[in-house]
Amino acid sequence: NGLRTGRVYVDSVPDRDLGRYLKEAKAIIAKDVQIPPGYTLAWSGQFEYMERARKRMLTVLPLTVLLIFVLLYLNTRSIVKTGIVFMAVPFSLVGAIWLPHRTHYNISVAVWVGMIALAGLDAETGVVMLLYLPLAHAKWTRAGRLRTRQDLREVIVEGAAKRLRPKLMTVSTMI
């Protein structure tokens, strides 16, 4: 802004991600440093890019989830089936969130993109599962073999477990 500047270069500590490091640094500066009138303090560098990406993700992520919901609904023509697929997604993300936390891995934009990709993979696997379960149910119903609760269990096993190879091939292709 046409004023004199002084720069301080700081590298973050390896065991903390940049966002957490800067949050702590800002708190310490706000508590311990008195900035005289006419002076300003600005944080710049990779932090700016990270913040910009985080803000973009806050708008893109809900739009992406909405788009996936609409596409799933158009594919299944059923709110219930779409809801089933969406209810499975958080359970797949538990491990994706737990592992970086457990291994003290720094969360970055790339990690969040990977989690979004995992959620998409999980939704696609759910769609494949919803394809085979009704097919097995219809086959057993046509054959007149669906009479007891045990028969229903066997239909579920046939639709889920016995169709493992096609599902693994689909998942492998997506990966």
Side-chain angles (χ1 to χ4, degrees), residues 12 14-21 23 46-175:
S12 64
D15 66 339
R16 286 183 280 177
D17 64 275
L18 186 60
R20 192 173 348 145
Y21 179 81
K23 185 178 178 182
Q46 284 185 346
F47 172 71
E48 288 176 308
Y49 303 124
M50 189 180 75
E51 283 296 305
R52 204 174 355 215
R54 186 184 63 79
K55 286 178 185 173
R56 190 172 298 131
M57 291 281 276
L58 288 175
T59 56
V60 169
L61 194 60
L63 289 173
T64 304
V65 169
L66 178 66
L67 181 64
I68 290 170
F69 187 87
V70 168
L71 289 173
L72 281 173
Y73 176 75
L74 292 174
N75 185 27
T76 62
R77 299 280 187 218
S78 168
I79 290 286
V80 173
K81 289 180 180 179
T82 304
I84 289 170
V85 171
F86 261 79
M87 286 172 44
V89 171
F91 295 108
S92 70
L93 292 177
V94 167
I97 293 168
W98 175 81
L99 185 64
H101 175 72
R102 177 86 170 123
T103 58
H104 305 291
Y105 192 82
N106 293 331
I107 302 296
S108 64
V109 173
V111 172
W112 283 109
V113 169
M115 287 185 192
I116 292 168
L118 173 67
L121 182 65
D122 181 54
E124 183 65 29
T125 305
V127 168
V128 171
M129 188 71 119
L130 284 175
L131 171 72
Y132 285 119
L133 286 173
L135 288 175
H137 186 270
K139 182 176 115 180
W140 277 57
T141 303
R142 276 193 311 272
R145 294 173 42 197
L146 191 58
R147 296 184 187 148
T148 66
R149 193 175 191 92
Q150 182 59 32
D151 292 341
L152 180 61
R153 283 191 185 110
E154 289 180 29
V155 166
I156 292 169
V157 168
E158 181 178 323
K162 290 185 179 176
R163 298 295 188 158
L164 188 60
R165 190 176 75 188
K167 283 183 264 187
L168 286 175
M169 289 172 59
T170 304
V171 169
S172 298
T173 302
M174 288 183 284
I175 288 174

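At most 12 heavy atoms of other shown residues, nucleotides or ligands fall within 6.0 angstrom of atom CZ in R56.
Considering only residues two or more places apart in sequence or on other chains, A160 meets the side chain to side chain contact (heavy atoms under 4.5 Å, CB included) condition with M129, L133, K167.
In plain terms, the two heavy atoms of G95 and P100 that are nearest each other are O-CD, 4.3 Å. The heavy-atom pair separating L146 from H137 by the smallest distance is CD2-NE2, 3.2 Å. A96 and L118 get closest at one heavy-atom pair: CB-CD2, 3.5 Å. Residues L74 and R77 approach most closely at CD2-NH1, 3.5 Å, considering heavy atoms.
For the pair M115/I97, a side-chain contact is recorded, criterion being any heavy-atom separation below 4.5 Å from C-beta on. By the 4.5 Å heavy-atom criterion applied to side chains, L63 and V60 are not counted as neighbours. Side-chain contact between Y73 and I68 is absent, with no heavy atoms from C-beta onward closer than 4.5 Å. Side-chain contact between I116 and M57: present, with at least one pair of heavy atoms (C-beta onward) separated by less than 4.5 Å. Taking the side chain as every heavy atom from C-beta outward, V85 and K81 never approach each other to under 4.5 Å.
Exactly one residue among V127, T76, L71 makes a side chain to side chain contact (heavy atoms under 4.5 Å, CB included) with T82. That residue is T76.
For the atom pair NE2 of H101 and CG of L99, the computed distance is 11.0 Å after rounding to the nearest 0.5 Å. Distance NZ/K55 to CZ/R52: 9.5 Å, rounded to 0.5 Å. Note: R147 CZ to L152 CG = 14.5 Å, rounded to the nearest 0.5 Å. Here the straight-line distance linking atom CD of E158 with atom NZ of K139 works out to 3.5 Å at 0.5 Å rounding. With values rounded to the nearest 0.5 angstrom, T64 atom OG1 is found 15.0 Å from F69 atom CZ. Going from atom OG of S78 over to atom CG of L130 covers 8.5 Å, rounded to the nearest 0.5 Å.
Within the 3.5 Å criterion, the main-chain N or O of L72 finds no donor-acceptor partner in the side chain of N75. In this structure, the side chain of D122 does not engage the main chain of S92 through any donor-acceptor pair within 3.5 Å.
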**OP:** Test side-chain hydrogen bond (donor to acceptor under 3.5 Å, both in side chains) on W140 and E154 and set out the steps.
**Re:** CA-CA 10 Å; W140 277 57; E154 289 180 29; over 6 Å; no
